[in-house]
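Okay, here's the structure, questions in a sec.
Remember, it's 1-based here, ligands and their atoms both numbered in the order they're listed.
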Amino acid sequence: MQQQHKQSALFWRSPAMLLLFLASLLLFLQGAHTKIEADADGVVAAPVVDASTSNFNDKIKVFTVASEPTDGYRRYIRSSHVYDIEVTTLGMGEEWTGGDMKTAGGGVKINLLRKAIEPLKDAQDTLIMFTDSYDVIITARLEEILEKFKETGAKLLFSAEKFCWPDKSLANKYPEVEGKASRYLNSGAFIGYAPQVYALLEEPIEDTGDDQLYFTKVFLDETKRAKLGMKLDTQSRLFQSLHGAKNDVKLKVDLDSNQGTLQNIDFMTTPAIIHGNGLSKVDLNAYGNYLAKTFSGICTVCQEYILELNEKQLPVVTLAVIVPQAVPFFDLFLEGIEKIDYPKDHLNLYMYTSVPLHDELIEAYVKKHGKKYASAKFVLSTDLLDERSGRQLALDKAQQHHSDYLFVVDGEAHIDDKAVLRELLKLNKQFVAPLFNKYYELWSNFWGALSDGGYYARSHDYVDIVKRDLVGIFNVPHVTSIYLIKHSAFDAIKFEHKEFDPDMALCESLRNAGIFMFISNQRNLGHLVNVDNFNSSVVRPDFHTLLSNRYDWTKKYIHPDYANFLNESIPVPQPCPDVYWFHVVTEAFCDDLVAIMEGHGKWSDGSNSDKRLEGGYEAVPTRDIHMRQVGLDTLYLKFLNIFVRPLQERVFTGYYHNPVRSLMNFMVRYRPDEQPSLRPHHDSSTYTINIAMNNVGEDYEGGGCRFLRYNCSVTETKKGWMLMHPGRLTHFHEGLLVTKGTRYIMISFIDP
Ligand SMILES: *[C@@H]1O[C@H](CO)[C@@H](O)[C@H](O)[C@H]1NC(C)=O
Ligand SMILES: *[C@@H]1O[C@H](CO)[C@@H](O)[C@H](O)[C@H]1NC(C)=O
Ligand SMILES: *[C@@H]1O[C@H](CO)[C@@H](O)[C@H](O)[C@H]1NC(C)=O
């Protein structure tokens with residue numbers, strides 16, 4: 001392979017060159033030890049150059065140097081294809097000898113290029129364009145590039161930037177420039193006639209020498225500069241270096257096509273080669289989401305590189321459930337994990353929590369389902385492992401098991417679509433996440449931009465992406481909560497950091513390694529629960545979160561049949577005249593609320609004296625606890641207004657009272673040794689609701705409610721079902737005798 005790549009530089013005329021690119025891309029897609037079949041059938045690659053449409057490929061020879069097909073390289077090659085440009089890649093697959101690119105180095109680029117263009121050194125009509133690739137995007141066809149080059153009158157044109165680097169002391173030696181022009185040479189992109197470019201490369205340089213310094217010295221030598229016809233593109237006609245130029249450029253995104261162009265607004269130019277030099281990689285990534293026709297109305301880049309999964313050779317995935325903080329609705333979370341559509345024998349399960357609240361469910365999950373997985377391991381709060389180590393261990397496990405992927409799901413990320421893992425695998429990235437956000441909020445699992453300190457900053461497209469007004473796949477600087485990482489990225493990951501939490505450390509390490517973090521909002525695969533103000537030390541904490549987690553609260557506590565009772569074409573049961581019966585809440589609602597009340601334990605004594613009431617007197621006392629006593633009055637009023645009021649409006653037509661008012665919301669406890677029944681009475685309400693909290697025949701015997709006027713009793717009450725009846729005048733009623741066990745009912749006097 002290495003040999004062929006070297007040759008490809010020399011045999012650029014051959015169509016085999018293109019095939020080599022594709023082959024290297026495919027190799028990359030296949031990965032070193034993945035079991036995915038990423039053959040030509042499986043992978044839809046980026047558009048391929050049709051050389052017949054662009055004879056400019058004979059006029060301008062484009063070269064780049066890359067030792068690995070990184071995400072940045074893929075993006076670069078894609079952009080070259082989009083604009084029908086053939087690129088010769090030098091150095092692919094060879095060991096990099098050019099030093100650390102972050103500080104200095106890059107002499108190897110010069111040595112590779114010199115060798116590659118040697119056969120062209122006398123071709124006076126041929127142009128050579130060289131660009132870096134990992135941090136470069138091409139945004140124009142060669143015709144346009146040629147035109148722009150000719151306008152400059154240069155024989156050799158270099159990109160320019162705002163900083164003098166690597167030798168600052170040379171800054172004064174540069175010719176002055178006006179206004180916001182870029183004064184200093186940048187070696188990341190240049191174009192010139194072949195003889196001039198060859199002459200430029202005349203002097204020898206060590207592979208580890210600095211290419212930018214090398215070119216700078218040529219440029220600052222006025223004789224050489226004149227002889228080569230060498231100029232800097234100080235006004236970004238052709239080349240835009242982004243470092244230090246944030247305020248010089250503006251991304252224009254067409255509202256219909258979502259295609260972007262990057263303009264230099266100081267000089268009103270539209271550069272063709274965009275270079276994320278220095279510290280501007282994150283900016284380039286953000287622009288790159290729109291440049292080079294990633295959209296054409298729809299997201300075109302979403303259709304590229306898609307992987308078809310081969311059912312016979314599915315990748316092995318380590319599924320890591322990470323719960324470093326107390327989260328509501330962890331039971332629902334685990335249901336989402338269990339139903340992931342993927343053979344469990346291809347999943348290595350790793351579950352981590354540092355929260356005592358979640359130990360029990362994790363242990364129970366592994367006990368019940370662990371055997372179905374290829375392997376299963378859990379870490380509980382009692383193991384005293386901190387979050388950083390917990391996440392690191394997930395990665396270690398993935399490596400030990402030779403997993404092709406690590407799929408991380410944090411406790412707040414609820415999977416709603418069991419296809420989630422397959423959908424992410426298909427996207428075929430080194431790192432990809434589905435967009436998850438909190439219901440009714442813009443809070444999500446990604447950041448569109450970074451502040452200078454590396455923290456959150458909002459991007460221009462953040463809201464559109466979260467709201468799915470813009471659908472696609474986006475390269476972003478920070479992702480949390482749920483993501484899929486390919487094995488090729490494992491070695492780059494670091495959780496250790498002096499300042500950052502483990503999530504931020506992970507993202508920084510990926511950014512530093514040039515591994516793109518993609519977020520896709522193409523399909524709604526799940527959501528985040530809201531952990532704000534979640535108090536895990538109360539009894540049944542989930543029950544307390546209706547106001548902060550309405551979606552999950554409804555899922556857990558409102559019965560699936562509830563909606564049927566709002567459907568006008570389905571009759572509502574009426575066991576007695578004007579007494580309606582609805583299935584409203586789940587068993588979990590009843591069990592949690594009883595547990596909360598029994599946890600509180602301060603049942604009233606059943607006497608007429610009641611300090612909780614205005615006036616302190618109760619004519620028909622029960623043994624009860626008010627919602628106010630357990631801090632749930634506000635929540636319960638919300639529940640009544642959201643779920644009960646619409647039922648009332650259906651059966652008692654014409655009565656509207658929004659919001660509902662209710663001063664008395666309380667649970668009553670009947671038992672033979674305490675208070676077993678209640679004498680006939682009216683309620684101080686317009687209507688009363690009465691929800692059965694447990695089951696007759698199982699939890700108690702006897703009981704029920706009798707309406708005296710109609711001599712009609714409801715004794716077969718059912719857990720989670722609610723009776724609704726007028727409070728006064730017609731519905732004089734009594735609580736029937738409980739003969740055994742304990743009966744709980746939840747009462748509200750609505751609109752007193
Ligand atoms: C959480 O609940 C406990 C127990 O009811 C209470 O003592 C504590 O103040 C609550 N914490 C917060 C932050 O509300
Ligand atoms: C109401 O119920 C009818 C009969 O079951 C059903 O056909 C219809 O789809 C339901 N309407 C809604 C909005 O669910
Ligand atoms: C009330 O109903 C019960 C049982 O349905 C019946 O035995 C009783 O005679 C009725 N009483 C009156 C006053 O109608």
So, Lys467 and Asp469, do they make that salt bridge, N to O below 4.0 Å?
no
State the atoms of ligand 2, each with its element, that fall below the 4.0 Å cut-off from a heavy-atom position in Ile570.
2 (O)
Will you find, in the side chains of His733 and Asp683, an N or O donor that is under 3.5 Å from an N or O acceptor?
yes
Output yes when Asp501 and Arg391 qualify as a salt bridge under the 4.0 Å nitrogen-oxygen rule, no when they do not.
no
With heavy atoms of Ser569 as the reference, note each atom of ligand 2 found under 4.0 Å away.
1 (C), 2 (O), 3 (C), 4 (C)
Below 6.0 angstrom between ring centroids: does that apply to Phe436 and Phe446?
no
Starting from atom 8 (C) of ligand 3, which protein heavy atom do you reach first, and at what distance in Å?
Asn711 ND2, 3.6 Å
Ligand-side contact atoms (ligand 1) for residue partner Ser537, heavy atom cut-off under 4.0 Å
1 (C), 2 (O), 3 (C)
Nearest-contact summary for atom 12 (C) of ligand 2 - protein heavy atom, Å
Asn567 ND2, 3.3 Å
Could you check atom 5 (O) of ligand 1 against the protein and tell me its nearest heavy-atom contact, residue, atom and distance included?
Val538 CG1, 3.6 Å
When you check the gap from the basic side-chain N to the acidic O, do Asp341 and Lys418 get nearer than 4.0 Å?
no
Classify the ring geometry of Phe652 against Tyr580: parallel below 30°, tilted from 30° to 60°, perpendicular beyond 60°.
perpendicular
Can you tell me which residue and heavy atom of the protein come closest to atom 2 (O) of ligand 1, and the distance to 0.1 Å?
Asn535 ND2, 2.4 Å
Nearest protein heavy atom to atom 14 (O) of ligand 3: under 4.0 Å?
yes
